[in-house]
Q: 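This is the structure I want to talk about, given as structure tokens.
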Amino acid sequence: MSDNSTLMSETGRSLLADSSVLDSKIIENSKENIFPAPISDVEEEMPQIETRVVLVQEAGKREELLKALEEIKMPYMKMDSIEELGDSDSPEFETVFVVADFQDSMFNNLYKADCRVVGPPVVLHCAQKGEPLPFSCRPLYCASMLNLVLCFTGFRKKDELIKLVTLVHHMGGIIRRDFSSKVTHLVANTTSGDKFRIAVSLGTPIMKAEWIYKAWEKRNEIDFCAADDDFRNQFKVPPFQDCMLSFLGFSDEEKANMEEMTEMQGGHHLPVGDDRCTHLVVEENTVKDLPFEPLKSLYVVKQEWFWGSIQMDARAGESMYLFEKSESPGLKKSVSLLSLNTPNSNRKRRRLKETLAQLTRETDMSPFPPRKRPSAEHSLSIGSLLDISNTPESSTTNGETPKSCARPSKNSTPLPLKQSARWQVAKELYQTESNYVDILTTIIELFQVPLEKEGQLGGPILAQEEIKTIFGSIPDILDVHIKIKEDLEDLMINWTESRSIGDIILKYSKDLLKTYPPFVNFFEMSKETITRCEKQKPRFHAFLKINQAKPECGRQSLAELLIRPVQRLPSVALLLNDLKKHTAEENPDKVTLERAIESLKEVMTHINEDKRKTEAQRQIFDVVYEVDGCPANLLSSHRSLVQRLETVALGDDLCDKGEQVTLFLFNDCLEVRLLCKYIL
């Protein structure tokens with residue numbers, strides 16, 4: 001049966017025809033809702049239509065229904081059979097029947113007679129909201145799916161589809177035969193077909209049929225809504241439903257991780273070459289050719305399809321990610337089609353002018369050195385920023401050349417073959433600053449902006465609080481360093497030995513003092529948040545996998561990129577020290593450089609002191625949460641924990657001999673915690 005088939009119920013009514021017009025009516029004619037008579041042109045008033053409620057059988061025995069009808073001032077009566085209501089067709093009344101069971105013979109008789117039927121939850125819902133009874137052209141048991149527009153795809157059994165459509169109507173939902181942007185949920189029994197692909201592209205939730213059945217089980221819960229995220233997410237069609245995946249070219253550890261993710265996302269995994277396999281996921285960087293001739297029905301896709309499906313929370317279209325045999329290594333590079341915002345040439349830094357282009361060509365420096373090369377970034381102590389003896393940007397001279405600096409202008413003016421040592425250090429300072437700005441730009445545009453973007457396919461990947469914790473003041477840091485880079489660029493283009501580099505650093509020292517402490521102090525928390533979210537949120541894990549594999553990241557993880565701000569100020573201080581050594585005593589910049597170095601040390605000292613205070617406050621909070629009955633006044637901005645000591649009582653003055661006693665020594669008091677009580 002095709003998706004567009006029209007099903008007919010026993011009474012000959014189309015179940016899949018668009019019902020939006022009729023189902024959207026919520027008009028009720030009650031005794032207060034009378035058509036007003038015009039002042040003129042009409043001599044007779046239009047007849048008044050009174051709405052009356054008939055409580056059928058069990059519904060008449062429920063006290064909460066009687067009370068609810070009285071609250072909305074709706075007249076009612078009770079009856080056990082239709083025959084008791086002799087004037088049910090009277091034009092003076094609009095009769096609404098309240099039936100507790102939509103599966104008994106009484107309901108079927110009322111339905112066949114085209115009577116207006118509602119369930120008890122509708123009455124209770126209207127009383128709770130202070131609204132009149134809604135008008136519905138179909139029996140309405142509850143409002144669990146009110147305002148939801150559903151479309152179905154992949155259902156081959158007519159009886160099952162009729163049952164599902166009927167339940168949706170009973171819960172106030174609307175059915176559309178054809179998929180459009182107005183559809184709020186697609187109920188799918190397959191992960192293929194036009195409707196499924198359009199729903200994925202529009203970010204429309206794709207649900208299992210079980211969602212409808214479980215919602216119907218909750219039909220008597222007045223405040224229940226089937227579209228509630230916590231409830232709905234339990235029944236979303238997983239990305240790899242009906243998929244059998246095999247993995248080729250991955251390490252044992254990564255393969256095991258991907259197989260585990262496959263099971264979590266509703267799929268199954270098989271050995272490579274199994275004929276039951278529907279998808280072969282290939283690591284395109286290591287696999288150049290397949291070890292067997294694949295069946296025509298087998299999708300051979302790049303790993304980005306796998307991670308992209310998890311990130312979108314829906315099976316991605318395979319045609320965009322088909323694996324193609326490479327003629328030579330590096331000839332074809334995988335370009336992300338799922339990135340919500342990939343940096344492009346318009347956002348990369350502009351090419352330097354002619355002179356600067358030639359000087360940058362002389363030294364290949366990359367913001368992303370080879371990952372496996374020994375680097376000082378792993379040995380840098382985050383505990384103290386004043387240790388500037390070894391930093392990655394000062395010790396690294398090898399690696400790939402940034403694309404934006406690699407090709408100079410054709411009309412470049414030749415530079416003198418020899419430059420002063422001061423010029424060489426200034427050039428290195430500019431290059432490392434330029435690379436640093438590129439790294440911060442990548443962090444923001446490749447990671448932060450996509451995560452913050454509204455309307456993400458599958459919903460938000462992270463909560464706003466988590467995003468704020470991870471990235472902190474990175475945008476503010478970038479703004480400051482863009483200005484520093486621009487000033488250094490101007491200095492290098494118009495170079496003279498007397499040009500002052502120290503003035504540039506002094507100019508932005510206050511901005512550095514303002515922007516760095518909030519990030520550095522909470523860097524550990526940022527890393528912990530990344531680790532926790534990556535473990536608990538598969539879509540975030542997939543998002544990182546996709547973006548960290550891009551050339552812009554240099555195969556470095558987000559946490560590895562985020563450590564760069566922690567390292568940058570020590571690196572700059574080291575370069576300024578080197579610059580001072582190669583500056584003549586009579587050069588005015590000599591004194592300025594000394595002041596600039598001192599200003600950076602002040603910034604780093606402030607960061608360390610701020611970090612120490614922050615850590616001390618966290619320790620106090622740990623004490624407060626750990627100790628029952630701890631006095632609230634222990635929390636104070638001036639108080640810090642000096643030492644914690646576990647002891648054993650030798651006497652019996654405060655407690656029994658041998659009892660464990662914990663001492664908390666603060667900078668202004670001593671707290672004693674006994675096993676049985678707390679003493680200040």
Side-chain angles (χ1 to χ4, degrees), residues 19-36 48-80 82 85 88 90-104 106-107 110-111 113-150 166-175 184 212 214-228 231-232:
S19 57
S20 56
V21 176
L22 293 174
D23 289 346
S24 63
K25 292 183 180 179
I26 318 177
I27 301 172
E28 171 62 27
N29 298 325
S30 63
K31 62 181 180 180
E32 293 88 12
N33 196 12
I34 304 172
F35 291 97
Q48 297 183 3
I49 307 291
E50 180 180 356
T51 300
R52 64 179 178 183
V53 174
V54 177
L55 301 172
V56 181
Q57 296 177 341
E58 293 298 323
K61 302 176 183 179
R62 297 176 58 173
E63 293 296 330
E64 68 271 21
L65 283 179
L66 304 181
K67 183 178 179 181
L69 290 171
E70 292 173 357
E71 289 179 359
I72 59 177
K73 300 179 180 180
M74 184 68 64
Y76 64 87
M77 59 181 296
K78 304 177 184 179
M79 75 170 200
D80 291 326
I82 299 180
L85 192 67
S88 59
S90 173
E92 299 180 3
F93 297 100
E94 171 66 24
T95 305
V96 180
F97 295 89
V98 180
V99 181
D101 187 356
F102 271 30
Q103 295 180 342
D104 65 7
M106 178 65 75
F107 167 78
L110 292 171
Y111 178 55
D114 283 333
C115 294
R116 186 176 166 190
V117 183
V118 299
V122 172
V123 178
L124 298 175
H125 175 82
C126 291
Q128 187 181 73
K129 301 293 183 180
E131 300 172 351
L133 293 177
F135 178 87
S136 176
C137 61
R138 296 184 178 88
L140 180 65
Y141 187 87
C142 63
S144 301
M145 289 191 172
L146 197 63
N147 299 323
L148 301 188
V149 183
L150 276 63
T166 301
L167 293 180
V168 171
H169 284 151
H170 287 349
M171 291 184 284
I174 300 171
I175 303 297
T184 61
I212 297 175
K214 291 297 182 179
W216 180 247
E217 291 179 6
K218 292 177 171 287
R219 61 188 178 277
N220 289 314
E221 298 180 18
I222 309 304
D223 296 323
F224 169 72
C225 176
D228 179 73
F231 176 77
R232 184 184 63 184

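Note that the structure is a prediction, hence the values are computed from the model and not measured.
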Q: Side chains of Val53 and Leu133: closer than 4.5 Å at any heavy-atom pair?
A: yes
Q: Got a list of side-chain donor-acceptor pairs under 3.5 Å for residues 55-62, not counting sequence neighbours?
A:
unit_1 : atom_1 : unit_2 : atom_2 : d
Gln57  : NE2    : Asp80  : O      : 3.1
Glu58  : OE2    : Lys61  : NZ     : 3.4
Arg62  : NE     : Glu64  : OE2    : 2.9
Arg62  : NH2    : Glu64  : OE2    : 3.0

Q: How long is the gap from CD1 on Ile212 to NE2 on His170, to the nearest 0.5 Å?
A: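 One gets 12.5 Å once the value is rounded to the nearest 0.5 Å.
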Q: Could you report the tightest heavy-atom contact between His169 and Leu140, atom names first, then the distance?
A: O-CD1, 3.9 Å
Q: Do Tyr141 and Asn220 pair up side chain to side chain, a donor and an acceptor below 3.5 Å, judged on atom types alone?
A: yes
Q: For residues Tyr76 and Leu66, determine if any side-chain heavy atom of one lies less than 4.5 Å from a side-chain heavy atom of the other.
A: yes
Q: Could you tell me the separation between the CG atom of Asp223 and the CG atom of Asp228, rounded to the nearest 0.5 Å?
A: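 The CG atom of Asp223 sits 11.0 Å away from the CG atom of Asp228.
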Q: Between Cys115 and Thr95, is there a side-chain heavy-atom distance shorter than 4.5 Å?
A: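 When only atoms from C-beta onward are counted, Cys115 and Thr95 do not touch, as no gap falls below 4.5 Å.
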Q: How many angstroms lie between atom CG of Leu110 and atom CZ of Phe102, to the nearest 0.5 angstrom?
A: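 One gets 9.5 Å once the value is rounded to the nearest 0.5 Å.
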Q: Could you state the interatomic distance from CD (Glu71) to SG (Cys126), rounded to the nearest 0.5 Å?
A: 12.0 Å
Q: Which heavy-atom pair separates Pro120 from Val99 by the least distance, and what is that distance?
A: CD-O, 3.3 Å
Q: Can you name the nearest heavy-atom pair linking Phe224 to Ser144, along with the distance?
A: CD2-OG, 3.6 Å
Q: Of all heavy-atom pairs between Val98 and Gly119, which one has the smallest distance, and what is that distance?
A: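 So the two residues come closest at CG1-C, 4.2 Å.
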Q: Starting at SG of Cys225, measure out to CE of Met145 and round the result to the nearest 0.5 Å.
A: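 Going from the SG atom of Cys225 to the CE atom of Met145 covers 9.0 Å.
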Q: Could you list the residues that satisfy side-chain contact (heavy atoms from CB on, under 4.5 Å) with Lys214, not counting sequence neighbours?
A: Glu210, Glu217, Phe231, Phe235
Q: Looking at Leu148 and Ala226, what are the two nearest heavy atoms and their distance?
A: CD1-CB, 4.4 Å
Q: Test Val117 against Tyr111 for side chain to side chain contact (heavy atoms under 4.5 Å, CB included), laying out the working first.
A: CA-CA 7 Å; Val117 183; Tyr111 178 55; 5.7 Å; no
Q: Quick one: pull up CZ in Arg138 and CD1 in Ile174 and give me the separation to the nearest 0.5 Å.
A: 9.5 Å
Q: Within the side chain of Thr184, is there an N or O that forms a donor-acceptor pair under 3.5 Å with the backbone of Val149?
A: yes
